[in-house]
Amino acid sequence: MAVRSNIVGIDSPEALEKALRAAYYLADEGLATAAYLGLALGKPLLLEGAPGVGKTEAAKAIAAVLGRRLIRLQCYEGIDASAALYEWNYPRQMLAIRQAGDESIDIYGETFLIERPMLATLRAPDSTVLLIDEIDRADQEFEAFLLEFLSDFQISIPERGTVRAAERPAVVLTSNRTRDLHEALRRRCVYHWIDYPTEEREARIVMLRASSVAEATARAVVAAVGKLRREPLSKAPGIAEAVDWAEAATLLNKGGARWPDAFKRSIGVALKDEEDLHFIAPRLDAMLAEATA
């Protein structure tokens with residue numbers, strides 16, 4: 001295994017953590033170490049955690065730090081190889097055949113190939129980061145299909161041959177853990193579990209991502225969001241919702257709404273489910289009063 005101890009000037013987890021901070025992403029020591037090892041060892045990085053903890057944003061920040069284009073493959077139930085690898089442009093092939101007449105034509109040439117995320121990554125491994133987002137939403141058949149790709153970083157196109165990456169590309173997989181991933185997939189990756197941050201770290205994230213928000217507002221939002229996450233909600237607010245709620249409440253406050261009424265009026269930015277709003281309504285005033293005290 002070829003170890004790359006220096007990746008675009010990043011020679012340690014600490015250096016990567018500082019670079020990510022400059023890209024407006026606050027990574028803890030565990031995430032920075034896992035990401036650095038994934039890049040240095042040329043292994044995929046598997047990030048698991050609840051929705052909204054910053055898994056996708058971590059991949060975006062890593063791409064920004066590396067100065068590479070992020071290619072996102074959004075997984076869903078029923079996704080197949082054609083959506084991830086490549087497709088042939090059938091209408092264009094048929095048109096070319098009709099136009100060629102009796103002349104010979106290669107309908108499997110480059111002009112007829114529709115490049116999908118995984119093929120695009122193999123062709124440009126030094127300038128891209130592949131994000132395979134929410135792999136747990138895909139079928140187990142698709143997960144099995146990924147195993148060869150993540151092991152050898154190559155694919156076979158029957159009409160054209162095997163396409164291999166010139167170097168091991170940077171790949172990030174995310175999972176909300178709605179189902180267990182196969183052990184074989186996990187073995188191919190550097191693994192890290194992302195939990196909700198501490199209140200102190202989340203307040204720093206809110207202030208970093210929403211520069212117009214005062215520290216007191218950020219801490220009040222984080223305290224309120226923490227209380228909401230402890231409730232049996234169907235969709236607990238993530239970090240992105242905390243940032244948006246702080247910005248929305250600040251905007252209303254500047255328009256004349258007083259605290260904590262500004263928080264209450266903008267609750268739809270944090271909670272986005274009718275049943276959750278109905279469930280929390282009787283205790284929302286007390287919850288916000290305590291958070292802003």
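Note: the hydrophobic cluster containing L185 does not contain V190 (ILVMFWY, side chain heavy atoms under 4.5 Å, direct or indirect links). By the rule that hydrophobic residues join a cluster once side-chain heavy atoms approach within less than 4.5 Å of another member, L37 and L130 end up as members of separate clusters. Cluster membership for I157 and Y108, using ILVMFWY side-chain heavy atoms within less than 4.5 angstrom, is shared. At a threshold of 4.5 Å between side-chain heavy atoms, the hydrophobic network of Ile, Leu, Val, Met, Phe, Trp and Tyr places I132 and L70 in two separate groups. Both L233 and L284 belong to a single network of hydrophobic side chains, linked directly or stepwise wherever heavy atoms of I, L, V, M, F, W or Y lie under 4.5 Å apart.
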Might you work through the side-chain contact (heavy atoms from CB on, under 4.5 Å) test for D195 and V53, ending with a clear yes or no?
-> CA-CA 6 Å; D195 207 345; V53 295; 5.5 Å; no

What do the steps show when you test N176 against K55 for side-chain contact (heavy atoms from CB on, under 4.5 Å), and what is the final call?
-> CA-CA 9 Å; N176 295 329; K55 302 183 294 297; 2.9 Å; yes

Verdict with supporting geometry, L95 and R98, side-chain contact (heavy atoms from CB on, under 4.5 Å) | CA-CA 5 Å; L95 179 61; R98 287 197 297 268; 4.0 Å; yes

Begin from the C-alpha positions of L288 and I267 and carry the test side-chain contact (heavy atoms from CB on, under 4.5 Å) through to its verdict.
-> CA-CA 10 Å; L288 293 177; I267 187 64; 5.9 Å; no

Taking it one step at a time, do R69 and S127 satisfy side chain to side chain donor-acceptor pair (under 3.5 Å)?
-> CA-CA 6 Å; R69 177 170 63 101; S127 61; over 6 Å; no

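Judged by distance alone, the side chain of R177 and the main-chain N or O of A50 form no donor-acceptor pair under 3.5 Å. No donor-acceptor pair closer than 3.5 Å links the side chain of S175 to the backbone N or O of E134.
With sequence neighbours left out, the side-chain hydrogen bond (donor to acceptor under 3.5 Å, both in side chains) criterion links R92 to no other residue. Residues meeting the ring pair (Phe, Tyr, Trp, His ring centres under 6.0 Å) test with Y25, sequence neighbours left out: none. Considering only residues two or more places apart in sequence or on other chains, E231 meets the salt bridge (charged side-chain N to carboxylate O under 4.0 Å, His left out) condition with R283.
Atom CZ of residue R21 and atom NZ of residue K18 lie 7.5 Å apart, to the nearest 0.5 angstrom. Taking CZ of F145 as the reference point, atom CG of D139 lies at 13.0 Å (rounded to 0.5 Å). In this structure, L228 CG and E241 CD are separated by 11.0 Å, a value rounded to the nearest 0.5 Å. To the nearest 0.5 Å, atom CG of residue L271 and atom NE2 of residue H278 are 13.5 Å apart. Distance check: M207 CE to T217 OG1 gives 10.5 Å after rounding to the nearest 0.5 Å. Separating the CD1 atom in I135 from the CG atom in L181 is a distance of 7.0 Å, to the nearest 0.5 Å.
The two residues Y86 and S156 come nearest to each other via the heavy atoms OH-O, 4.2 Å. In plain terms, the two heavy atoms of A61 and A23 that are nearest each other are O-CB, 4.4 Å. M287 and I280 get closest at one heavy-atom pair: CE-CD1, 3.8 Å. Heavy atoms only, all atoms of each residue included: A262 and L252 are closest at O-CD1, 3.7 Å. The two residues I62 and A35 come nearest to each other via the heavy atoms CD1-CB, 4.0 Å. Here the closest heavy-atom approach between residue L146 and residue M118 is recorded as CD2-CE, 3.8 Å.
Taking 4.5 Å as the limit, every side-chain heavy atom of R209 sits out of range of all side-chain heavy atoms of E247. Counting heavy atoms from C-beta outward, F279 and S234 have side chains that stay 4.5 Å or more apart. For the pair L73 and I71, the minimum side-chain heavy-atom distance is 4.5 Å or more. No side-chain heavy atom of R123 sits less than 4.5 Å from a side-chain heavy atom of T128. Counting heavy atoms from C-beta on, the side chains of W88 and L113 come closer than 4.5 Å. Between P125 and F153, the closest side-chain pair of non-hydrogen atoms is not below 4.5 Å. Side-chain atoms of R188 and S151, non-hydrogen and from C-beta on, do get closer than 4.5 Å to each other. For the pair L47 and L31, the minimum side-chain heavy-atom distance is below 4.5 Å.
Residue pairs meeting the salt bridge (Lys or Arg N to Asp or Glu O under 4.0 Å) criterion with at least one partner in residues 210-227, sequence neighbours excluded, are E200-R219, E215-R219, K227-E290. Among residues at least two apart or in separate chains, there is no ring-ring contact (aromatic ring centres under 6.0 Å, His included) pair with a member in residues 177-214. Residue pairs meeting the side chain to side chain donor-acceptor pair (under 3.5 Å) criterion with at least one partner in residues 249-263, sequence neighbours excluded, are absent.
Remark: K235 NZ is loosely packed, at most 12 non-hydrogen atoms of other residues, nucleotides or ligands lying under 6.0 Å away. The environment of CD in E183 is crowded: more than 12 heavy-atom neighbours from other residues, nucleotides or ligands sit within 6.0 Å. The neighbour count for E87 CD, taken as heavy atoms of other residues, nucleotides or ligands under 6.0 Å away, is above 12.
If you run side-chain contact (heavy atoms from CB on, under 4.5 Å) between L173 and each of L150, D136, L131, only L150 comes through.
Side-chain polar atoms of S82 and D80 form a donor-acceptor pair below 3.5 angstrom.
A salt bridge links E48 to R186: at least one charged side-chain nitrogen sits closer than 4.0 Å to a carboxylate oxygen.
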